[in-house]
Amino acid sequence: MECRPTANGSPEKNSVGPPSALTYLDPHYWDERFSSEEHYEWFKDYSHFQHLIKSNINSSSSVLLLLNPLYVLELGCGNSQLCDELYKDGIVDITCIDLSSVAVDKMQIRLLSKGYKEIKVVQADMLDLPFDTECFDVVIEKGTMDVLFVDAGDPWNPRQETVSKVMATLDGVHRVLKPDGIFISITFGQPHFRRPLFMDPKFNWSMEYNTFGDGFHYFFYILRK
């Protein structure tokens, strides 16, 4: 069993978790997990960071969104309800991707049962995004990139294989973002570890961040292209 944060930030035992964090890199683990697990929120549910979403994405006016819809891409949707909550806040043009076909199939069924027909769910790898250049206003990930760091080694000097995967993800995100688009990354990763990757000179975006959570803090990064 593993330890992971509970809803209030303290660790709990998880009987469905892998014996080693390295198992998170195995696609078969996720297929098996999603086959039996209906819903789990990594890094708190939407209510804990909704204020940060609203302050960085103009979702306060449904009329404005009808006139100028936002196109949002969620990386690694799994069985999270993040897209459901964004939809309720008026952001309906959402594309969710996940590497697991099981997660994609179950997400499609769930969203259709709720009548959320505008949300698209696609099986895809975040390391090789299958979308046109500059087609999304917002890209968001919550805990998905953290999987890439489970075998990073020294966090101050991560393995080159880890860096290559992270940079492939960031390259893709930067490419699909429209000018003035934003990338939101919700993560355990502290700024002194993430800043060297996020702020590589090849990217023309700025970086800021906030924290949320009670006791244990999660990081909410905003990268503006």
**Prompt:** Between Phe220 and Phe49, how do the two ring planes meet: parallel, tilted or perpendicular, split at 30° and 60°?
**Reply:** tilted

**Fill in**
Here the pair of heavy atoms bringing Ile57 nearest to Ile184 is CD1-CD1, 4.0 Å

**Prompt:** So Tyr46 and Asp89, side chain to side chain donor-acceptor pair (under 3.5 Å) or not? Walk me through it.
**Reply:** CA-CA 11 Å; Tyr46 185 71; Asp89 270 347; 2.6 Å; yes

**Item:** Any side-chain heavy-atom pair of Glu208 and Arg224 under 4.5 Å
**Value:** yes

**Item:** Whether Asp137 side chain and Tyr71 backbone form a donor-acceptor pair below 3.5 Å
**Value:** yes

**Request:** May I ask you to check whether Phe212 and His48 place their ring centers less than 6.0 Å from one another?
**Result:** no

**Asked** Does one hydrophobic cluster hold both Val150 and Tyr40, with members joined at side-chain heavy-atom distances below 4.5 Å?
**Response** yes

**Message:** Between Ile53 and Ile140, is there a side-chain heavy-atom distance shorter than 4.5 Å?
**Reply:** yes

**Asked** Would you find a donor on one side and an acceptor on the other, under 3.5 Å apart, between the side chain of Arg159 and the backbone of Asp151?
**Response** yes

**Message:** In terms of relative ring orientation, are Tyr24 and Trp42 parallel, tilted or perpendicular, with 30° and 60° separating the classes?
**Reply:** perpendicular

**Item:** Minimal non-hydrogen separation, Asp171 against Lys202, with atom names
**Value:** OD1-CD, 3.2 Å

**Prompt:** Under the 4.5 Å side-chain heavy-atom rule for ILVMFWY, direct or indirect, which residues accompany Trp156?
**Reply:** Phe193

**Asked** Around atom NE2 of His28, are there more than 12 heavy atoms of other residues, nucleotides or ligands at under 6.0 Å?
**Response** no

**Donor-acceptor pair, side chain of Thr162 and main chain of Pro158, under 3.5 angstrom** = no

**Prompt:** Any link between Tyr29 and Leu127 through a network of hydrophobic side chains (Ile, Leu, Val, Met, Phe, Trp, Tyr) touching at under 4.5 Å?
**Reply:** no

**Message:** Rounded at 0.5 Å granularity, tell me how far CG in Asn210 sits from CG in Leu52.
**Reply:** 5.0 Å

**Message:** I'd like to know if Leu70 and Leu177 are part of one continuous hydrophobic network [Ile/Leu/Val/Met/Phe/Trp/Tyr, side-chain heavy atoms within less than 4.5 Å].
**Reply:** no

**Asked** Taking C-beta and beyond as the side chain, do Trp205 and His174 meet within less than 4.5 Å on heavy atoms?
**Response** yes

**Asked** Any chance the rings of Tyr221 and Phe198 have centres within less than 6.0 Å?
**Response** yes

**Request:** Would you check if Met207 and Ile222 make a side-chain contact, meaning some heavy-atom pair closer than 4.5 Å?
**Result:** no

**Prompt:** Hey, any chance Leu99 and Leu25 share a hydrophobic cluster, counting ILVMFWY side chains that come within less than 4.5 Å of each other, even indirectly?
**Reply:** no

**Asked** Do you know the tightest heavy-atom contact between Leu170 and Met145?
**Response** CD2-CE, 4.1 Å

**Request:** Carefully, step by step, assess Phe43 and Phe188 under the rule ring pair (Phe, Tyr, Trp, His ring centres under 6.0 Å).
**Result:** CA-CA 8 Å; Phe43 308 165; Phe188 276 132; 4.4 Å; yes

**Considering all heavy atoms, the nearest Cys83-Arg110 contact** = SG-NH2, 4.1 Å

**Complete:** Of Glu74, Glu85, Glu41, the one forming a salt bridge (Lys or Arg N to Asp or Glu O under 4.0 Å) with Lys142 is Glu41

**Message:** How long is the straight-line distance from SG of Cys96 back to CG of Leu82, given to the nearest 0.5 Å?
**Reply:** 7.5 Å

**Asked** Is the number of heavy atoms from other residues, nucleotides or ligands under 6.0 Å of Asp154 CG greater than 12?
**Response** yes

**Request:** Flag the pair Thr95 / Val121 as yes when at least one side-chain heavy-atom distance between them is below 4.5 Å, and no otherwise.
**Result:** no

**Message:** Apply side chain to side chain contact (heavy atoms under 4.5 Å, CB included) to residues Ile119 and Val92 and explain how you reach the verdict.
**Reply:** CA-CA 6 Å; Ile119 302 178; Val92 299; 6.0 Å; no

**Asked** Side chains of Leu73 and Leu129: closer than 4.5 Å at any heavy-atom pair?
**Response** yes

**Complete:** Between Asn79 and the options Glu37, Arg33, His39, the side chain to side chain donor-acceptor pair (under 3.5 Å) test singles out Glu37

**Prompt:** What distance do Asp84 atom CG and Met107 atom CE have between them, rounded to the nearest 0.5 Å?
**Reply:** 6.5 Å

**Message:** For a quick test of reading the model, state the closest non-hydrogen atom pair linking Val163 to Leu197 and the distance between them.
**Reply:** CG1-CD2, 4.2 Å

**Message:** With a 6.0 Å cut-off on the ring centroids, do Phe216 and Tyr218 count as close?
**Reply:** yes

**Prompt:** What distance do Asp200 atom CG and Arg195 atom CZ have between them, rounded to the nearest 0.5 Å?
**Reply:** 14.0 Å

**Item:** Side-chain H-bond candidate by donor/acceptor type, Ser101 with Gln123, under 3.5 Å
**Value:** no

**Prompt:** How close do Lys106 and Ser36 get, heavy atom to heavy atom, and via which atoms?
**Reply:** NZ-N, 4.4 Å

**Prompt:** Can Arg194 and Gln190 be said to form a side chain to side chain contact (heavy atoms under 4.5 Å, CB included), step by step?
**Reply:** CA-CA 6 Å; Arg194 294 301 164 88; Gln190 297 171 322; over 6 Å; no

**Asked** Leu223, Leu148: one ILVMFWY side-chain cluster at the under-4.5 Å cut-off?
**Response** yes

**Message:** Let me confirm one number: the NZ-CG distance from Lys225 to Asn204, rounded to the nearest 0.5 Å.
**Reply:** 6.5 Å

**Asked** Is there a side-chain contact between Ile97 and Phe131, using heavy atoms and a 4.5 Å cut-off?
**Response** yes

**Request:** Could you verify whether a donor N or O on one side chain and an acceptor N or O on the other, from Ser47 and Asp45, lie under 3.5 Å apart?
**Result:** yes

**Asp93 with Lys120: basic N within carboxylate O range, under 4.0 Å** = no

**Asked** Is Lys117 atom NZ crowded by more than 12 heavy atoms from other residues, nucleotides or ligands, each under 6.0 Å away?
**Response** no

**Prompt:** Do Phe219 and Pro191 have side chains that get closer than 4.5 Å, going by heavy atoms?
**Reply:** yes

**Prompt:** What do the steps show when you test Val104 against Val122 for side chain to side chain contact (heavy atoms under 4.5 Å, CB included), and what is the final call?
**Reply:** CA-CA 6 Å; Val104 169; Val122 179; over 6 Å; no

**Complete:** The reported gap from OG1 in Thr144 to CG in Leu75 (rounded to nearest 0.5 angstrom) is 6.0 Å

